[in-house]
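Okay, structure first, notes after.
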Amino acid sequence: MFSPLRKSFSTGSVDPCQAFETNPLVFCQQLVRENPRDESAWTCLIKRLHKLFVKHALSYGTSPEAIQDLIQESLVQFMDDIRSGKFICQGYKPIGYVGTICINKWRGWWKKQQKETTRRVDWDSLFREFDDDQAGPPPGMAEEPDEPHEEDLCRRQAARKAYETLTPVQKKLMWEHYVNGLKLTDFEQMEEKGEGYGKLLHYRAKREFTRLFQQFYNDCRSWKN
Amino acid sequence: MEELTDKQHDDIAAYLAGQMSPAEKAGFEEQLSRNEALQQELLVQQRIRRGMELLSFEEEARALFARAMQEMTAEEETIEIATPVRPLWQQPSLWLAAAMVVLSLGLFWKFYDDDGGGGRSDTPVVRTDSTTDRPTPSDTSSRITPIPSPIPTTDRAVRLADAYFSPRPKENPIATDLPDEADAAATTDSAAIARDSAAVWQGTRLLAQKKAAEAMALLQKTVLEGYPGHWRAAAEWYLSLAYLQNNQTSEARAILTRIARTNGHPYQSEARRLRNELTR
C-alpha cells in the first residue's frame, strides 16, 4: 500500500543548534531551505519551541496531546509562511516567529475550550518569552488572531479526508504530481505503464478527490461559521 | 462547457507551478480570459494543489516533531544515566538509619538481657514466656529470607510486562465532549475515537497472545495518529508493555517516563510503579 512519500531531508555539516545561539542568520537560512529541508535545523527549532511552550501549557492545564497538536499546527503554518515568502530571515528570529504562531494557536484553542474565563493566561508575558531584544515577532503579529488560518485548516482537513479515500495508486499519483511536481508522463514511465495511463489515472483521481474535497471543505466551513 | 485538451491541462499545471516563460504565461492568461472551462479547471487545480501542499506540510511537521521528541527522550535518558549516583556509604540518611537500627538493637538486647538475668521487668508476658533463652544463631538464620538469584534483564522485562498487563483496558471515565464537531463532523470524530478504542482492544488481545510485534505496529499507529484523549493514552501504556514483551526496555522506559510525567494520564500511577521496578 502506498504511504505518502516524505520529502527528502538533509542533515547539514554545520551543527544547527550551535548556530542557533552563535549565528542566528545561518540558523535561519538553514531553516528556510526547502527541497531538501534541513532536518537537523528543524529538529533543533522544535526542541526549543517544545521546551519553551510545554512548561506554560502544562501549567495551565493543556493536555500533552493538545500541546503536541498545537506545536504541529504551528510548524505547518510556519512551513506555509516560508513557502509563501511571508517569513524571511530578516529582522526577526525563527523561534520568536514560530513561538508567536504557537501562542496564537494556543489562544485560539483556549477560546474553543471556553476556559479562558476560569484560568486566565497572561498572554503578554508569554509573547515576551518568545521575544528578545533584537528580534521579536513581526509588527502586529502578536495581536493576530488565528481566524485567517481557519480556512486553510479546513482545506487541509478536507484534503486529508479526500486523499485517504483514494486507492493506493491514485494516492501515489496525486502525491507525486501535486506535491513533488512530477509530470504525468514521467509518472507513467516511473510506473512502467503505457502512454495515456497517467492522464486517465489523474482524471479519475482528480475527479474523485475534487468531489470529496469540496464536500468535506463545505462541511468544515459550515460548522466553523 | 467545452472539454479541455491535454495541452490545456498541461498548461494549467505549468502555469500553477510557475514553469512558464513570460511569453507563454501571457498567452495562457489571454486564453484564460476567454475560456470559461479553462477558468473553472484552473480553480479546481488551484484548490487541489493547495490542499495537497498543506497535506504535505502536515506530513513533514509530524515526521519532524516525532524525530525531535525521539531525540529529546534519548537525551533525557542519557542525562539520567550520566547523573552520578552517590554510593550508598556516602548517603547521610543511610548512615542515620543504620545508626538507629544499631541503637534499637542495642537497647533491645540490653533490656532483654536485664530481664532474663535480674527479673526486674513487671511485664507478665515476658515472665510467662517460655522462650526466655537467648536465640542462638541457628534460630535466627532459619528465618532469613533467601536472597533471590538475579533474574536476567530480558526475562525480567517480560515478567514485568506480564505482571502489569491487564487484558481489559481502563474505560474512558468521562464521555468525550465533542459539542462543536457534533453538528457536521460528528461521525468523523466519533469514528476516530471508535477506531482508537478498537485498536487498543485489538492490541491487548495481541499482547495476550504474545504477539508483541503485531501489537506494537497497531499501537504505534494509534499513538501517532490517534484522536487525542483516553484511547490514545491507553495505547501509549499498552505500547510500553509491548516493548517490554519484545525486550525493548529502553523504548518502554521512554514511554513510561512520559506517561509518568503526564498528569491526568489514565495509567500514570502504573507507569510510575513499572518504571521504578524497571530501574531497580
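We use all heavy atoms of the structure for the numbers below, so side chains are in, but hydrogens, waters and symmetry mates are not. In the text below, chain A, chain B and the rest are named by the order of the sequence lines, each starting its count at 1.
For a residue to count as touching a neighbouring chain, one of its non-hydrogen atoms must lie under 4.5 Å from one of that chain's; by this rule B:Arg232 touches chain A with the side chain only. Of the two parts of A:Asp69, only the side chain, counted from C-beta on, holds a non-hydrogen atom closer than 4.5 Å to a non-hydrogen atom of chain B. Looking at A:Gln68, both its backbone and its side chain come within 4.5 Å of chain B, counting heavy atoms on both sides. No part of B:His265 comes within reach of chain A, as not one of its non-hydrogen atoms sits under 4.5 angstrom from that chain. Contacts of A:Lys47 with chain B are made by both backbone and side-chain atoms, with heavy-atom separations under 4.5 Å. Using a 4.5 Å cut-off between heavy atoms, B:Glu41 touches chain A through its side chain atoms alone. In this structure, chain A has a heavy atom under 4.5 Å from the side chain of B:Arg50, while its backbone stays farther away.
In terms of heavy-atom pairs under 4.5 angstrom with chain B, the leader among A:Gln214, A:Met174, A:Lys206 is A:Lys206. Taking A:Lys183, A:Arg155, A:Gln72 one by one and counting their heavy-atom pairs under 4.5 Å with chain B, the maximum is reached by A:Gln72. Annotation: maximal heavy-atom pairing with chain B below 4.5 Å, among A:Ala66, A:Ala158, A:Ala159, A:Gly181, occurs at A:Ala159. Between chain B and the options A:Lys51, A:Glu65, A:His177, A:Glu73, heavy-atom pairs under 4.5 Å are most frequent for A:Glu65. Between chain B and the residues A:Ile71, A:Asp80, A:Leu45, the largest count of heavy-atom pairs under 4.5 Å involves A:Asp80.
Of the charged side-chain nitrogens involved, at least one lies within less than 4.0 Å of a carboxylate oxygen, so that A:Arg211 and A:Glu208 count as a salt-bridged pair.
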- Message: Show, in sequence, the C-alpha distance, side-chain angles and deciding distance for B:Arg67 and B:Gln70, and conclude whether the side chain to side chain donor-acceptor pair (under 3.5 Å) test is met.
- Response: CA-CA 5 Å; B:Arg67 180 190 147 135; B:Gln70 267 178 358; over 6 Å; no
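Ring centroid separation for the pair A:His202 and A:Phe209 does not come in under the 6.0 Å cut-off. Checked against the 6.0 Å centroid criterion, the rings of A:Phe87 and A:Phe78 qualify as a close aromatic pair.
With respect to B:Arg34, the side chain to side chain donor-acceptor pair (under 3.5 Å) criterion is satisfied by exactly one of B:Glu36, B:Glu30, B:Gln31: B:Glu30.
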